[in-house]
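Some notes on the structure that comes next.
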Amino acid sequence: MGDAISEASSRVASLNPAQRAAVVHRGSPVLVLAGAGTGKTRAITHRVATLLDEGVEPWRILAVTFTNRAAGEMRERIERLCEGEHETRKIWVGTFHSICARILRQHGTGVGLSNRFSIYDSADQQSVMRKVLDAHNISTKMYSPRGVLGVLDKAKNQGLGPDDLERLGIHDPMLSIARKCYKTYQERLRAADAADFGDLLLHTVRLLRDAQRTAGQGQLGDLDPLYRLSRRFDHVVVDEFQDTNPIQAELVDLLSTDAELCVVGDDDQAIYGWRGADVDQILRFSDRHPGTEVIRLEQNYRSTTHILDCADAIIRKNRGRLGKTLWSDLGEGNPVRVMMLYDEREEARLVAHEARTAIDEGMEPEGIAIFYRTHAQSRVIEDELRRAGISCRIVGGVAFYERLEVKDVLSYLQVLLNPNSDVHLTRIVNRPSRKIGNTTVTKLSNRATEEGVSLWAAMEHPESAGLGAAAARRIRGFVELIHQLRALVGTMDLPQLMVEVVERTGYRIALAQDDNEESQARLENLQELQGNLIEFVEERPDAGLDDYLELVSLVGGERSEGDRGRAVTLMTIHSAKGLEFERVYLTGMEERVFPHARVLDDPFQMEEERRLAYVAVTRAKRDLTLTMCRRRMLYGQTQVGTPSRFVLDLPSESTNQIGRDLTTSPRTPKAAARTVTRQSPSWQNDIEYDEAPDAPFTEDELGGSEPEGEGVHLYIGMLLRHKAWGEGELVGWHGSGRSLKLQIKFPTRGLKTVVASFVEPV
DNA sequence: TAGGGTAAGTTTTTT
DNA sequence: ACTTACCCTA
């Protein structure tokens, strides 16, 4: 015991007083308000390590994070801290969703889930909802599956069932539609033995709630495994608490009945409001948990002061903050660089070129990260990095697992585990072609709905669905095939199983037969999937098919190009939260990209966008570069961009503009005058040039042949009048001649694309 | 039933 | 731009 205590004290010796307080405080709930880079993960991991030193059983500790990445990082760091001293594997570390999935695998029968239930992603959800809407004769044109699912998701995030939807403040007809569909949707999921992401939380909370309510009543209460689960933990740690939504907060409470609770968060980094997260959660924590010890971490250990000053300049403009003063003693460092490029291709080339140079000079590729607001921006960058011969890791996005053939094979595997999963079964029933067409599937599906059973159940008795003899025969053949494959599960390892699936279903043969480049690529993707499975089996030798599928559905994709270990990281800012890098490139710093076009007229969302910018900037340790483009191909159209307001907020003392002028290139004196007044007038003076800016883009650079509409000379920024919409400003165009389309920003209507002949110059 | 062709919608962010 | 949905024909 004496050893344990000296160990504990040596651990905290390297911490500052506030961190130490967060680590050693015992006996009441702790709320740690931790600014970016203030060593919050350090505090958490040390707290866990210290708990182990004190003799707390690892399996009595629960650590919850928000993203899989953060969970992985947390586990790794705890392991590193405790290497050779403690058995850290038994600590529960995971995201809310993975923890719930784990609980439901064991205890899901209470909500109608078997231990092999499927987890539906948003594509799966949409296909279920589409059918639900059809069944209720609701036009999917007027009420999109996505839209209705959005309402359900909101409800689930707040722990509301179908009958509590009024509380969301929605009104008819959406209210009654959502209510009906919610019920049917849940019935369908239950019949499919499936849960969506929201269900993972909601089901778990229901089970734990019920267990606690009934505990005191029956004699068996104390033996209820769920009740025991809720009392299992002595210590619960929650990271990124500002991003929890009400249902997650309730889950935390339910899992910490007997536990000491330690939550960590930063109101300035709340970026999941759109997912139902409520910053108030962190503000109200002390009220919900009397006796809470509040600890503030304000010393930043990550970034140089130039970077911090930029971060502060951005976040300072938000209202309703708790307010923190971050400071750092790492020195000024390099100024934050601001660069304007011609288009997204040049932006990508620049980043790739710089990364190449840095790596050649000995920098670790892992120390470099490239951020963007939306996944759509990643492709060009990926492309240019590949050209520069740089390996990269792309987090999320249109992941490997989303590819058609990969989804197909995974659907097969999913069906082997849970044939009742209609979505997966429907996907593969006729792939490759087995002459089982829509008509047949629809008949079976209707029959299944009538009976309230799954499609698979209906397929096992094809004759009762009124199928023709030939169709019934084909179905029987398919059912037999699945039975055969299911018999193989558990008799061989996963990579082998996949090979059997691909062979016995004829999937590989079908691909191999149409001999074109595309199917060649698909075969290669299947090879890659097999490699993935081999890797998985090596890492977790005793894991089964269920474990693999759960990993795929919860962790989603991470694509790698080239060498896995030594790679530059590409990701959205959202997935960058909680991470840090020596060098960060923040790309696409243009209005309508970041801040995103959809939030421009919503001050509330704009504040969230600002926090997102704050998160992005504070990821950088030493070097930060913000890039933007004059024009960008977006949603299939070339848009002319103006610098993001977040760039305009940066203090000149801490920034350095490299290369081209940031103002939109003026075409005519008239446009130039407008440009200057429209943007921050002080902009020119705000920037310190360390070198003369390049000459402005030439006409040629800006797009070559400029369209002439009926002899009128067009230029960006010119005013045009539309009969119905009034005057607007020209921001871009495409096409030519009669099909010349103009993009015009109307003060009242927003951005519109109109045929040139409908407008005239002012 | 399948396959081709056209029309339409789609894109914020994550689990 | 890109994908999906639906419609029509073979």
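Only a predicted model underlies this, so the values are computations on that prediction, with no experimental measurement involved. Sequence lines set the chain letters: A, B, ... in the order given, protein chains first and strands last, and positions in each chain run from 1.
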How long is the line joining CD of A:Q126 and C1' of B:dG9, in whole Å? 12 Å

If I take atom CD1 in residue A:I271 and atom C1' in nucleotide B:dT14, what distance separates them, rounded to the nearest angstrom? 9 Å

Quick one: do A:E382 and A:R386 make a salt bridge, cutoff under 4.0 Å? yes

Using the P atom on both, measure B:dT11 against C:dC6 and round to a whole Å. 15 Å

Side-chain contact check for A:T572: nearest option of C:dC2, B:dT12, B:dT14 is B:dT14

Look at A:D649 together with A:R645 and state whether they make a salt bridge at an N to O cut-off of under 4.0 Å. no

Using the ring of A:F117 (Phe, Tyr or Trp, six-membered ring only), decide whether A:R105 places NZ or CZ under 6.0 Å from its centre and within 45 degrees of its axis. yes

Please report, rounded to the nearest Å, how far the P atom of B:dA2 is from the CZ atom of A:R474. 8 Å

N/O donor-acceptor pair, side chain A:R598 with base B:dT12, under 3.5 angstrom: no

Which listed nucleotide (B:dT12, B:dT11, B:dT14) is nearest to the side chain of A:Y272? B:dT14

For the residue pair A:R188 and A:Y185, would you count it as a cation-pi contact if the rule is NZ or CZ under 6.0 angstrom from the ring centre and within 45 degrees of the ring axis? no

State whether the side chain of A:D124 and the backbone N or O of A:D121 hold a donor-acceptor pair below 3.5 Å, judged by distance alone. yes

All heavy atoms of A:V380 vs all of A:A348, minimum pair found to be O-CB, 3.7 Å

Residue from A:H596, A:E590, A:E609 passing side-chain hydrogen bond (donor to acceptor under 3.5 Å, both in side chains) with A:R373: A:E609

Describe the nucleic acid contact of A:F66 in one word from base, sugar-phosphate, nothing, applying a heavy-atom distance below 4.0 Å. sugar-phosphate

Atom CG of A:L149 and atom P of B:dT14 are separated, to the nearest Å, by 18 Å

Look at the side chain of A:R373 against the base of B:dT13 and say whether a donor-acceptor pair falls under 3.5 Å; ignore hydrogens and angles. yes

Protein-nucleotide distance (A:R631, atom CZ; C:dA1, atom P), rounded to Å: 14 Å

Should A:S553 be listed as having a side-chain N or O under 4.0 Å from OP1 or OP2 of B:dT15? no

Of residues 430-439 of chain A, the positions that come close to DNA chain B - non-hydrogen atoms, cut-off under 4.0 Å: A:N430, A:S433, A:K435, A:G437, A:T439

Rounded to the Å, how far apart are A:E590 CD and B:dT12 P? 17 Å

So, is A:H574 close to the B:dT15 phosphate, meaning a side-chain N or O under 4.0 Å from OP1 or OP2? no

Rounded to the nearest angstrom, tell me the gap between atom CG in A:L200 and atom P in B:dT14. 18 Å

Option among A:K577, A:R275, A:Q269 that satisfies the side-chain hydrogen bond (donor to acceptor under 3.5 Å, both in side chains) test with A:D243: A:K577

Check the phosphate of B:dT11 against A:R146, side-chain N and O only, distance under 4.0 Å to OP1 or OP2. Yes or no? yes

Are the ring of A:F197 and the six-membered base ring of B:dT14 within the stacking cut-offs of under 5.5 Å and under 30°? no

Regarding A:Q377, tell me which of base, sugar-phosphate or nothing describes its non-hydrogen contacts under 4.0 Å with the strands shown. nothing

Can you tell me the distance, in whole Å, between the CG atom of A:L133 and the P atom of C:dA5? 14 Å

Name the closest nucleotide to the A:T95 side chain, picking from B:dT1, B:dT15, C:dC2. B:dT15

Categorize A:S122 for me: base, sugar-phosphate, or nothing, with a 4.0 angstrom heavy-atom threshold over every strand shown. nothing

